[in-house]
Amino acid sequence: MIHDQPPAADVLPAKGCFIDNRWVPAVSGQTLPVSAPAEGRVFAEIAAGGREDVDRAVAAARAAYETGSWSRLSATERGRLLSRLGQLIEANFEELVALEARDCGKPLATARADITATARYFEYYGGAADKVHGEQIPFMNGYYVTGEREPLGVTGHVIPWNYPAQMTGRTLGPALAMGNATILKPAEDACLTVLRIAELAAEAGFPEGAINVVPGLGHEAGAALSEHPGIDFISFTGSPQVGTMIQTAAARNHIGCVLELGGKSPQIVFDDADFEAAVPVIVAAIVQNAGQTCSAGARLLVQRSAWDRLIPMVVERFAKLRAGKPEDTPDLGPIISAKQRERVAGYIASAKAAGLPVLAEGAVQEEAPEGGFFVPPVLFGPVPRDAALACEEVFGPVLSALTFEDEADALALANGTEYGLIAGVWTSDTARAVRLARRLRVGQVYVNAYGAGGGVELPFGGVKKSGHGREKGFEALYEFSALKTVVIKH
Ligand code: TAP
């Protein structure tokens, strides 16, 4: 829904598009309403950026890259600016927490963890900027050969609504550390912290054009950015459907891309596991961010011989879960939008209609606002292997429990979806853990743990339909740079 009227008095007005360190209204003059998911009502507006705004942002980034105002700053100076931005995020911590909590409906504790991680991304990549060394390559006598890492140029970034602040740090941090000039298109449903971080970047001293943000609709601003001939690389996190469009546009422009497209990640529990340690982590892995996490542990794979002991423990914990608004310390918040809530509720209703057994169901707190987009968490099981709930990403607080017989069966089941993002293995048999870690077709494996708090330092990304390329950790610095071989005859 596009607005061209002034917002109501209690609605935060749109700041605009952030281009060349300045707020500029969208060329169309239009804005988009943003809802607070826990309240179910509009509380802010953002600029409805479009093709012409993206053109301006690409021109600004191109200038910062070509003139060298950003790309030729020393790596140490780039690192200092990134670190300073991390410090400014910490200095404005409570403001950013409140904004992220309201914009996404996250419980305050989750929003705090997110903003802490956001600052950490900038600190990490600030420290890493001048640690990427080239190499000297042995070659024929009479030649001196080096391999040097250089920026890709202008990089585009399209991020989703589930972790707006963190995703900004995760994708811009390494791109900027390597000297790329950036344009970010955040999700229309949640992007207020992203816009505030852009403002803080200007305060930190980033030169004009290094960081540009164009909010707007996906099929307008997002499509314009991903198809733009003026970008040299694109990073996308979101649905496989849009990821496919991004990859097609990148191929047409002969540029590279990194895609992170979600998953249906397994938590595999053997009968020799420490159930006391496993159960709280198993439940947290699906309830975190109301299940709206690409790496949510959405499939609980239980060895048949462990089912009768493990499941009652999970059920007990699951049934106590309460969804509510950020300030009421709920176990989980609402779903991001009415549209997404319909999608998640649709999965639950179809599974119930198909007769899938409900093992446990949480509830919504009594004090939760009427209009909030809440969905009580549900544990289904045993779920047949070919059911939608065993294969498709729900992106909500729905845990599907399935049984397996032995290690070979566990592996086949775990690897048996189109996705391959992360996996958890719970066992006391170290040799088995190593065998599975090597054969699971995913980007990250956790043994007797799951997710480990996000891990800014840990390279992250998928295989198969979960995408390709890696963000997070040092690996991302290679993703956002190119190797140049220099051959000197002497
Ligand atoms: P997407 O549509 O994929 O949105 C992700 C980002 O892409 C948003 O910034 C979106 O902008 C933008 N976008 C949408 N259409 C585009 C286009 N044609 N060209 C370029 N950019 C475009 O995801 P969604 O609709 O928010 O969620 C749908 C499903 O995707 C979820 O249920 C979930 O299964 C999956 N999902 C996965 C993840 C992760 S972390 N892997 C994150 C979110 C969603 P707008 O928001 O303005 O449309």
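In this chain, numbering begins with 1 at the start of the sequence shown. Note that ligands are numbered from 1 as they come in the structure, with each ligand's atoms numbered from 1 the same way.
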Among F395, Y163, Y419, closest by any non-hydrogen atom to atom 33 (C) of ligand 1: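 It is F395 whose heavy atom sits nearest to atom 33 (C) of ligand 1.
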Between the candidates E188, M167, K185, which shows the shortest non-hydrogen contact distance to atom 48 (O) of ligand 1?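 Of the listed residues, E188 has the closest heavy atom.
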Considering heavy atoms of the protein only, find what lies nearest to [atom] and give residue, atom and distance to 0.1 Å.
| atom | answer |
| --- | --- |
| atom 18 (N) of ligand 1 | M245 SD, 3.6 Å |
| atom 13 (N) of ligand 1 | G218 CA, 3.4 Å |
| atom 29 (C) of ligand 1 | S239 CB, 3.9 Å |
| atom 28 (C) of ligand 1 | Q340 OE1, 3.8 Å |
| atom 34 (O) of ligand 1 | E393 OE1, 2.9 Å |
| atom 39 (C) of ligand 1 | C294 CB, 3.6 Å |
| atom 41 (N) of ligand 1 | G262 N, 3.2 Å |
| atom 42 (C) of ligand 1 | P160 CB, 3.3 Å |

Any N/O of [X] closer than 3.5 Å to an N/O of ligand 1?
| X | result |
| --- | --- |
| N162 | no |
| G216 | yes |
| R343 | yes |

Between [Y] and [X], do the side chains contain a donor N or O and an acceptor N or O under 3.5 Å apart?
| X | Y | answer |
| --- | --- | --- |
| T110 | Q288 | no |
| Q292 | N162 | no |
| Q444 | Y446 | yes |
| N253 | H228 | no |

L259 side, atom CG; K465 side, atom NZ - distance, nearest 0.5 Å: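 That separation rounds to 13.0 Å.
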Would E475 and R470 pass as an ion pair if we require N to O under 4.0 Å?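 Looking at R470 together with E475, the answer is no, because their closest N to O distance does not fall below 4.0 Å.
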Are the charged groups of R120 and E123 less than 4.0 angstrom apart, N to O?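 Salt bridge between R120 and E123, a charged N being under 4.0 Å from a carboxylate O: yes.
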Do the two ring centres, one from [X] and one from [Y], sit under 6.0 Å apart?
| X | Y | result |
| --- | --- | --- |
| Y65 | W70 | no |
| W426 | Y450 | no |
| F233 | H157 | no |

Per-atom contacts of ligand 1 with [X], taking only distances under 4.0 Å to non-hydrogen atoms:
| X | result |
| --- | --- |
| A223 | 19 (N), 20 (C) |
| G222 | 19 (N), 20 (C), 21 (N) |
| P186 | 9 (O) |
| I159 | 6 (C), 8 (C), 9 (O) |
| L217 | 47 (O) |
| V158 | 6 (C), 7 (O), 9 (O), 12 (C), 21 (N) |
| W161 | 24 (P), 26 (O), 27 (O) |

So, 4.0 Å and heavy atoms of L261: is ligand 1 close enough to count as a contact?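 Under 4.0 Å: yes for L261.
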Show, in sequence, the C-alpha distance, side-chain angles and deciding distance for K264 and E392, and conclude whether the salt bridge (charged side-chain N to carboxylate O under 4.0 Å, His left out) test is met. CA-CA 7 Å; K264 189 75 183 177; E392 295 173 20; over 6 Å; no
Quickly, which of T293, T193, T168, D114 forms a side-chain hydrogen bond (donor to acceptor under 3.5 Å, both in side chains) with Y163? Name it, please.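 Testing each of T293, T193, T168, D114 against Y163, the sole residue satisfying side-chain hydrogen bond (donor to acceptor under 3.5 Å, both in side chains) is T293.
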Count the heavy atoms belonging to other residues, nucleotides or ligands that lie under 6.0 Å from CZ of R112, then report whether that count exceeds 12.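 Yes, CZ of R112 has more than 12 neighbouring heavy atoms, counting only those of other groups under 6.0 Å.
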Can you find a protein heavy atom closer to atom 46 (O) of ligand 1 than 4.0 Å?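 Answer yes: something from the protein, a heavy atom, is under 4.0 Å.
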